[in-house]
Amino acid sequence: MPLASLRQGGDTDDKVVLDLSTCVNPYGPPPSVIDALRNLQSDVIKRHPFSAPAFLEETYANRLHVARDEVIAVRGASEAIWQLARLTDDLHVSVPAPTYTEYVRAFPESSTILGAAPWHSIEQLTQAASLSDVVLFSNPHNPTGRYLEAATLAELFDAHPQTLFVIDESYADFIEDAAGASIVGCDATNVIALRSPTKFFGLGGVRAGVLWTRSNEWRERFLGLRTTWPISMIEARLVAAAFDDLAWQLESHKKLADDAVWLDGWLSQFTGVGVVGGPLHFRLVTGETSLVSEHLAKRGIRARELETAHCVGCPALRVSAPRKDLRNLLD
Ligand SMILES: Cc1ncc(COP(=O)(O)O)c(C=O)c1O
């Protein structure tokens, strides 16, 4: 399969009645973001955004409780992934499977490390680390939503000081106790974390995020790729407005947890499929996945079919829970 043809979840046409192929929080964006957009001062639009990277870095540093100079603003986790590909051209990169589409596209020469299960384990990551210079994976994991605790990962970083671990934490905000799920702020210097507001806050159209690392060397390399105005101030302001809306975040965690329980119940009607449980609002379904996708397709609903390049090892479908008010569309 040509890698360039790999489509992402959420890449659907307008005819879809309901898109369950995306992991973006269906309750987003928070009302605070819409208010911020409506109340934008014209100056923010008129001026070139010289101070936007610093503003976004400060906003993230406060949220993550780390020093501002350890954070670098990027145009979403995606930009950091492609920048990493440029910076590691001469290094051996491993991608534990199953994995996220963009890694497959950005690192066509990488080694795929299979595991015993369709989620990441320390054994799998240890094998990847012992074989390569760089290990790239998501935690929480796309496509299962499972995650390894920060304390467990810290031992892995210590055991492999020569390996650079790049951990895509694009889904960390979905975890209520985000501290336990995030390695941001750990002592290791062989770690880069990617953070993005786009999934949990429902801001897929906002191209903003950050990377965090204690390594001066890696920060300098990423900054070396920076263009004059890497971030729009409009987008940076929207991210700040989303972070400020604490009540919405609390409410979203509750709603998504309830939706995940509902999704498990709904999936249990299909015999012949396996469902990988996890703490997020989407499920990886394996086995007779065509039963589920055909049921959904008849109703104009799209789920995410994973391709061979994702290396699940069998037919696999990722389905996100519908919003509570749209559940009846699945019946
Ligand atoms: C694991 C993972 N990383 C990154 C992204 C994209 O992040 P961003 O919107 O910040 O570019 C996605 C989007 O689906 C994702 O699933």
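Atoms within a ligand are numbered from 1 in the order they appear, just like the ligands themselves. All of these numbers come straight from a predicted model, not from anything done at the bench.
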**Complete:** Contacts satisfying ring pair (Phe, Tyr, Trp, His ring centres under 6.0 Å) that involve residues 60-99 (not counting sequence neighbours) are Tyr60-Phe243

**Request:** Measure from atom 11 (O) of ligand 1 to every heavy atom in Gly76, Pro143, Ser78 and give the option owning the shortest one.
**Result:** Ser78

**Request:** Return yes if some donor-acceptor pair links the side-chain N/O of Asn139 with the main-chain N/O of Leu148 below 3.5 Å, else return no.
**Result:** yes

**Prompt:** For the residue pair Trp262 and Trp266, does the interplanar ring angle fall in the parallel (under 30°), tilted (30 to 60°) or perpendicular (over 60°) class?
**Reply:** parallel

**Asked** Polar-atom distance check: Arg75 versus ligand 1, any N or O pair below 3.5 Å?
**Response** no

**Item:** Aromatic plane relationship, Phe222 with Trp218 - under 30° parallel, 30 to 60° tilted, over 60° perpendicular
**Value:** tilted

**Item:** Residue, atom name and distance, where the atom is the protein heavy atom closest to atom 13 (C) of ligand 1
**Value:** Tyr100 OH, 3.3 Å

**Asked** Quick one: nearest non-hydrogen protein atom to atom 16 (O) of ligand 1, plus distance?
**Response** Tyr171 OH, 2.6 Å

**Asked** Looking only at N/O atoms, are Ile81 and ligand 1 under 3.5 Å apart anywhere?
**Response** no

**Message:** Students often mix this up, so state it plainly: with edges at 30° and 60°, are the rings of His141 and His120 parallel, tilted or perpendicular?
**Reply:** tilted

**Item:** Where ligand 1 meets Ser196 - atom numbers and elements under 4.0 angstrom, heavy-atom basis
**Value:** 8 (P), 10 (O)

**Item:** Subset of ligand 1 atoms that lie under 4.0 Å from at least one heavy atom of Thr198
**Value:** 8 (P), 9 (O), 10 (O)

**Message:** So for Lys199, does at least one of its heavy atoms come nearer than 4.0 angstrom to any atom of ligand 1?
**Reply:** yes

**Prompt:** Between Arg207 and ligand 1, which residue portion shows a heavy-atom distance shorter than 4.0 Å: side chain, backbone, both, or neither?
**Reply:** side chain

**Asked** Nearest protein heavy-atom contact for atom 3 (N) of ligand 1: which residue, which atom, what distance?
**Response** Asp168 OD2, 2.6 Å

**Item:** Under 3.5 Å side-chain donor-acceptor pair for Ser252 and Asn25
**Value:** yes

**Request:** Report yes or no: do Ser196 and Thr198 form a side-chain donor-acceptor pair below 3.5 Å?
**Result:** yes

